[in-house]
Amino acid sequence: EELAAQEDALSSEVLSMDIGADLDVNMDEIDFSEVDDDLKKFQEDEIVKDALMRGVDLGSYARNIEKQLADTELASVEDYFNNSAEVAELHNEIKSCDSVLERMEHMLTRFQGDLGAISSEIKHLQDKSMLMRIKLTNRKAVHVDLDQYVKTIFISPDLVKTIHEAEIKDTFISHLVDLDVKIQYLDKLKKERKLDRAARDMIPLCERTKVKAVSRIRTFLLQKIYLLKKPQTNIQIKQNLLLRFKYLYQFVRQHAPGTADELRSLYIETIRKIYTAHFKQYINSLMRLQSPSVVSKTDLLGVDESKTGGMFSVKKSRLHLERVFMLGNRHALLSNIDKPPIISHSAAKRQHRFPYQEIFRTTHRMLMDTATTETAFVSDFFQEADSKRGGDAAQERKAAQKEENLLFNAIFSKTLSLFIENLEAYLLKSYDCLEILILLRIVVLHSQMMRTRQTGCMDSFFDRINMLLWPRFKVVLDAHLGSIKGIRESSQPKNSTQVHYISPRYAEFASGIDVLNKDYNDGIIVSNMGRLRQSIINLLANSLSKRVGDLKQVIVFLINNYSAVLKVYHDKNLQSETSETFKGLMHTQVAKYVEMELSEKFGVLIKFVNQSEERVATAQERKEKLPALDLETAANIVRDFAKNWQRKIQQIDSHVTSHFGRAQPESAYKSSEILKQILIQLVLYYQRLQDVIKKCHRRPPSFMKELVPIPNIMHEIKKYGNAEALGYLEASGCSFASPRLGLRPLLKNHNAKQCEA
């Protein structure tokens, strides 16, 4: 009803409206400022544009539009009236919805309040949960520390029972490690003054358990050490067994140092007696297998075999006195220095005999092997527990080396004394320089071997051995030197050029020393051998040569003796200062002999050649005209040579054969080699004669036709078996040394290097 009344009022109002009535407008209140803009917009409008283009009346057009709007409004009102029932129903539904929404609003407001309460409760629960989580974390941390603390200080009945009653093996050691941890932890708390009631309660039990553990370990290790004394015991096996229980000693060293010192002292004393007895027996058994020495006190380089022998001694042969100075193959021992030690009882059964140097090598090798294994054991078993950790690395190594040397000396002091005494006893009766030098080389090689093993405990022992060997070597060598100086001139037969007995002896002795010093170049040996060599040279050249005869006989004597020395070096294929020295001496004497032999038979020719070459050389130096030679003298020389050269060569061959053909077998220089050099020099002198004549006289003198052709001389030389000399002449074409002009190339195609050689 209310809605119908509103509709009636609205319709009457609409009907009463005068739409077309004039409006009462005040022109002053109208703002025309924007009219131009509006007009521009209207002009741009499509409808307005179209109306203007058609020329429509805008007034009538506006009234028509207004009428259309009024009709449309009336139609809308009529439609509204026609749908009034639906509108009323819609109004009722809207009111119903408003009430429902209001109730929902009240309910949601209440729900919102409940949610706010729940949210505050959840926040409270979150805070409480966070607090509980923090408490749980703290309690867990406390539980871990407390559990560790309790486990560390708590000594369980099982641990106590194991330490008191269990057999000492791996289980016992693991429990001992736990006990060690507990003892150290309680000691730490005690030092830091952090002992609580629980820790104080555990200390007495811990101490009792520790004392019991130390007591049982002491008894156990004493039994193991006593087992070493058992006969036929393999010490290395027992030591390996002890190494399995080295933690026991470490525990005792940590918690009972006095007991540890007792155990170590007992082990050292026990093993020292064992090694002393074993090595004493081993050395004695090998010394019974020693082959007798062939070198006695009287076996010296300068001893005359004719003076040996007497009422209580046998006369020594020359062969014996040469053999005692031979090295032989004794130095082969140095190449087999790594050979295993001799098994004494096996060698005794086979009745083997050994020289002292082999016994020296094998006993020292056994000592080195024993020292290496023993040092490794004591370093692992004792030193690791005794050493202090945490210091400077270099100081630790130095301290460890010092401790190792102390332990080695404590264990092997008496054993080393046995070796020193044995060597001293041997050296008192040793007069063999070569054998002593072999012992010195063995010591050097053994020292290198120990350095390779990185074990320096035997360095002082090797030094003591060297201090015994070197003085003895010097004493024996000085005795040889003294015997050489004591050789009398009468020991050389008068007017004899045979090799003196000192030469082969010295050659064998010196070559042996050089072989043993080859890879060492020891300054002491080099200087002493230089003294010995000079004594031999002086003896041969200044003393013994006085009884030989004239100068030529002296030269032959020296060549024979130098050759005897060089033959030994040549047979051994050995190069040394001694061999080079004697080579120089030999070449000097051979050159003298060649010149002397040629001077006796062709003296006039040689003198003429030398004088003529000297005059030519002087003229060339002064850049003067070459002098004319004494052609009469030259002609006599040429004719005499053509007449007598074959006979004189035969005489030279006879002389050389008489001097060197029956030389001792120890001579290295054969008569054919001497003759070869003489014939070479003769041919070269004859060639030099021809060359100097041709150089001074462009027109050959008539007597040049009487010259003996060089090929004829070479053909004659072949008769004396000197094809080698011919080859030398044909290949090199050079002379020996001319005393005044030096080495002069005189033939064609001369090779200077071959000439110098």
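Position 1 is the first residue of the sequence, and the numbers go up from there. In this text, all values refer to a predicted model and were calculated from it rather than measured experimentally. Keep in mind that the numbers below use all heavy atoms, side chains included, and drop hydrogens, waters and symmetry copies.
H587 and Y562 have their aromatic ring centers separated by at least 6.0 angstrom. F325 has its ring centre less than 6.0 Å from the ring centre of H480.
Looking at N528, its side chain does come within 3.5 Å of a backbone N or O of I524 through a donor-acceptor pair. Side-chain N or O atoms of R615 include one that pairs as donor or acceptor with a backbone N or O of A628 at under 3.5 Å.
Ion pairing between R547 and E489 fails under the 4.0 Å rule for side-chain N and carboxylate O. Note on R323 versus D299: no salt bridge recorded, every NZ/NE/NH1/NH2 to OD/OE distance being 4.0 Å or above. For R533 and E577, the salt-bridge test passes: some basic side-chain N is under 4.0 Å from an acidic carboxylate O.
Between the side chains of S563 and N560, no donor N or O sits under 3.5 Å from an acceptor N or O. Looking at N538 and Q534, their side chains do bring a donor and an acceptor atom within 3.5 Å of each other. Judged by distance alone, the side chains of E632 and N636 never bring a donor and an acceptor atom under 3.5 Å apart. Using a 3.5 Å distance cut-off with no hydrogens or angles, the side chains of N336 and R361 do not pair a donor with an acceptor.
When the salt bridge (Lys or Arg N to Asp or Glu O under 4.0 Å) test is applied to R365, the partners found at least two apart in sequence or on another chain are D369. For K518, the salt bridge (Lys or Arg N to Asp or Glu O under 4.0 Å) criterion is met by no residue, not counting sequence neighbours. Every residue meeting the side-chain contact (heavy atoms from CB on, under 4.5 Å) condition with S291, not counting sequence neighbours, appears here in chain and number order: R353, P355. Judged as a side-chain contact (heavy atoms from CB on, under 4.5 Å), and not counting sequence neighbours, the contacts of Q553 are T497, V548, D550, H659. Partners of D640 according to the side-chain contact (heavy atoms from CB on, under 4.5 Å) rule, which considers only residues two or more places apart in sequence or in another chain, are N644, K648. The side-chain contact (heavy atoms from CB on, under 4.5 Å) test applied to E600 returns K552, M596, E597, H655, not counting sequence neighbours.
Taking the six-membered ring where the residue is Trp, F641 and Y686 present parallel rings, their angle staying beneath 30° rather than reaching 60°. Taking the six-membered ring for Trp and thresholds of 30 and 60 degrees, F360 and Y356 have ring planes inclined between 30 and 60 degrees apart. Relative ring orientation between F660 and Y593 is described as perpendicular, the plane-to-plane angle rising above 60° on a 0-90° scale split at 30° and 60°.
Relative to the ring axis of Y426, R472 does not place its NZ or CZ within 45° and under 6.0 Å from the centre.
Here CZ of R451 is found 9.0 Å from CZ of F462. Values are rounded to the nearest 0.5 Å.
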